[in-house]
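Below: the structure, in structure tokens.
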There are 2 protein chains.
Amino acid sequence: MALPPSEGLKQLAERTGVSISTVSRVLSGKAEKGRISVKTRERVLHEAGLQGVVINEVARGLRLRTTQTVGLIIPDISNPFFAALARQAERASRVRGYSVLLCDSEEDTEVEAGNVRLMRSRRVDGLVVAPVGGRHDHLAAVQKLGMPLVLLDRLLPELDVPGVASDNAVGAALAVEHLLKLGHRKIGCVQGLPASSSNASRVSGFLDAMARNGILVPPSWVVGKDYTIESVKQEALKLLSIPSRPTAIVALGNMIALGVLHAARELEIQVPEQLSLVSFDDQPWAEWISPPLTTVAQPVEEMGARAMDLFFETLAASGSNITPLNSRVILPMTLIERQSVTRLA
Amino acid sequence: MALPPSEGLKQLAERTGVSISTVSRVLSGKAEKGRISVKTRERVLHEAGLQGVVINEVARGLRLRTTQTVGLIIPDISNPFFAALARQAERASRVRGYSVLLCDSEEDTEVEAGNVRLMRSRRVDGLVVAPVGGRHDHLAAVQKLGMPLVLLDRLLPELDVPGVASDNAVGAALAVEHLLKLGHRKIGCVQGLPASSSNASRVSGFLDAMARNGILVPPSWVVGKDYTIESVKQEALKLLSIPSRPTAIVALGNMIALGVLHAARELEIQVPEQLSLVSFDDQPWAEWISPPLTTVAQPVEEMGARAMDLFFETLAASGSNITPLNSRVILPMTLIERQSVTRLA
DNA sequence: TTGTAAGCGTTATCAT
DNA sequence: ATGATAACGCTTACAA
């Protein structure tokens, strides 16, 4: 329960024979400004080196009112896409001397609200969150408090907060146009969590692109309600069992594509001969799937990096009284053609 | 730079007209023990509810000498295997009222040492780490300090510390025996990071199993030095380019299998017709690869859960003067047969 | 039943 | 060039 004892400024000061303040000054690099003599500085540094002096950041945080940590809230860290974003976030923080406190919201708004509360009580310096969607008063509150906040992957239209996301709508349009060009008309769509804005953008991008080409998609042709593989399979089964079934499906996520494949196998429908498939979120394995998956890819590394840039800018702005910028950066998606789509006779 | 202002005990106390200690007592549930009148308790709770009082955990941590956070150090959070472990760790911590401070060591011992130092200065209550391997005096130091520490996925034979890992050696033996049974004798091996203990166990398990069956593997038949797909491809290319090349390869990781596939494709070697392949770490996509991958799977969820159980036991033991248990739990691996292996004529 | 005050380990202000 | 000392916001004896 108790923290392990360890050397602090006090002990160091005693052993060195100087005051705590002096030690504090040299250890925090304020030796120049405090005009500490080179001699004492050396001595303190030397002693500090011998004993592994680890200054207590929690005391420091209390005094300085900053914890040098960013709160990262992710809906599912085991999802490779979010894991990649987390990696960027951690690295970007680390190189700037910040740590990351990680919370998984489990795609649940209530859990997310709890996460936010926790982060607040832990006094993180700001939040980077990929919001579940739906209710978001907890995020609005954070913003109102003036706490730095940037959104990741999923933007909240109702909330005027900086963030970075992919251009999901045109991504979906890319998929649709590719399919259309190859002669498909009967195109279905399997979505993930309807509440999430990235998903919603993809769906509306899909619908709009179809409409622009004069095709009205029956509501029952967009199915899906979450990311679990079994649920996706059931939803896809519904879509593929109707009398005049689609000749192509766009799966709004990589795991979703796998679910669709499961359904197709169960119904003995050959992909791509009898069913074309476009998926989202490219992965290293996508080209090795049978058939190699045509996907709409997002620039994951860049998303993470840009989000963190934005975060630290926001943080800096919140310190000074620079006008708190409010950028939303939308990154382009790209279609990667492989072999899960065929031209319709 | 500064934390956003927010209600604390002091403000609440003023508005309620009681002392800070009273507020502290009711908010920390010590109302019974402190025998606070029901009336004041209600009043405080009521006011606290109105204003979103968020108690300052950093001040609390300073006073109580505990931060209720566990430091998690992972060599690469973007690796799905580690991401899955991280998820378990986060969840297990959250349900127990703990938070997770996440560091990525980038498979670099020096970075890892830095991570440890950071965690120490942040006063996390203990560490869960999947160590890079190689140097580990920083971990020994943690242990010597009496700070709870449990190892994940990779054990350190030289260090007597609790931890959980898969039975990598028998996992490798499983792969070897499967191959042997189907008539293969010329079996190569592509490893990941040689320094990591899980990798080392797999390699020695592989070698031992071969030896038990009277086969001496030439050193040049175990290649590989890290997990990057391009490097794996180059290494596999070496292995597959020798005059009398292996008829089977065991790839000690899922990304490694992909690298081998790349190499085989480049050399126009058909899998499994001309080369059998067994990989490690099953993934949802493994059955959809062409050909579906025969793999040795580890119980990832269980690993994470068990490790966290162990961690919290260790934590509890470190508080009381219960003898600090020192369990190492080794979980079984299982062979999943799919179609990347053929019987040799 | 409630309040006062000391102390957790820092940093910053003000003396010296 | 350095040392005392007062916060930072909490918990917890000890007083009242």
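Source: prediction; values computed, not measured. Residue numbers begin at 1 in each chain, while the letters A, B, ... track the order of the sequences.
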- Query: Could you give all pairs that pass the ring pair (Phe, Tyr, Trp, His ring centres under 6.0 Å) test and reach residues 56-115 of chain B, with sequence neighbours left out?
  - Reply: B:Y98-B:F312
[N] [atom2] sits how many Å from [X] [atom1], rounded?
X     : N      : atom1 : atom2 : answer
B:Q11 : D:dC10 : CD    : P     : 8 Å
B:L62 : D:dA7  : CG    : C1'   : 12 Å
B:I20 : C:dG7  : CD1   : C1'   : 14 Å
A:E7  : C:dC8  : CD    : P     : 16 Å
A:K30 : C:dT13 : NZ    : C1'   : 13 Å
A:E57 : D:dC8  : CD    : P     : 20 Å
A:R63 : D:dT5  : CZ    : P     : 16 Å
B:R41 : C:dT2  : CZ    : C1'   : 14 Å

- Residue pairs passing the salt bridge (charged side-chain N to carboxylate O under 4.0 Å, His left out) test where at least one lies in residues 132-141 of chain A, sequence neighbours excluded: A:E110-A:R135, A:R135-A:D137
Below the 4.0 Å mark, does [N] have OP1 or OP2 next to a side-chain nitrogen or oxygen of [X]?
X     : N      : answer
B:S19 : C:dT4  : no
B:R60 : D:dT11 : yes
B:T22 : C:dG3  : yes
A:S28 : C:dT10 : no
A:R65 : D:dG9  : yes
A:K10 : C:dT10 : no

- Base, sugar-phosphate, or nothing: which does B:S21 touch, judged by heavy atoms less than 4.0 Å apart? base
- Task: Check every strand shown and say whether A:S24 touches a base, only sugar-phosphate, or nothing at a heavy-atom separation below 4.0 Å.
- Result: base
- Query: Checking A:T22 side chain against A:V18 main chain: does a donor-acceptor pair fall under 3.5 Å?
  - Reply: no
- Query: Any sub-3.5 Å donor-acceptor pair from A:S28's side-chain atoms to A:S24's backbone N or O?
  - Reply: yes
- 5'-most contact on DNA chain C: B:V38 or B:A59, nearest heavy atom basis? B:V38
- Atom pair CG (B:L139) and CE (B:M147), whose distance is rounded to the nearest 0.5 Å: 11.0 Å
- Considering only side-chain heavy atoms of B:N56, which listed nucleotide, D:dG3, C:dG3, D:dG9, is closest? D:dG9
- Query: Given C:dT2, C:dT11, D:dG3, which nucleotide is nearest the side-chain atoms of B:T40?
  - Reply: C:dT2
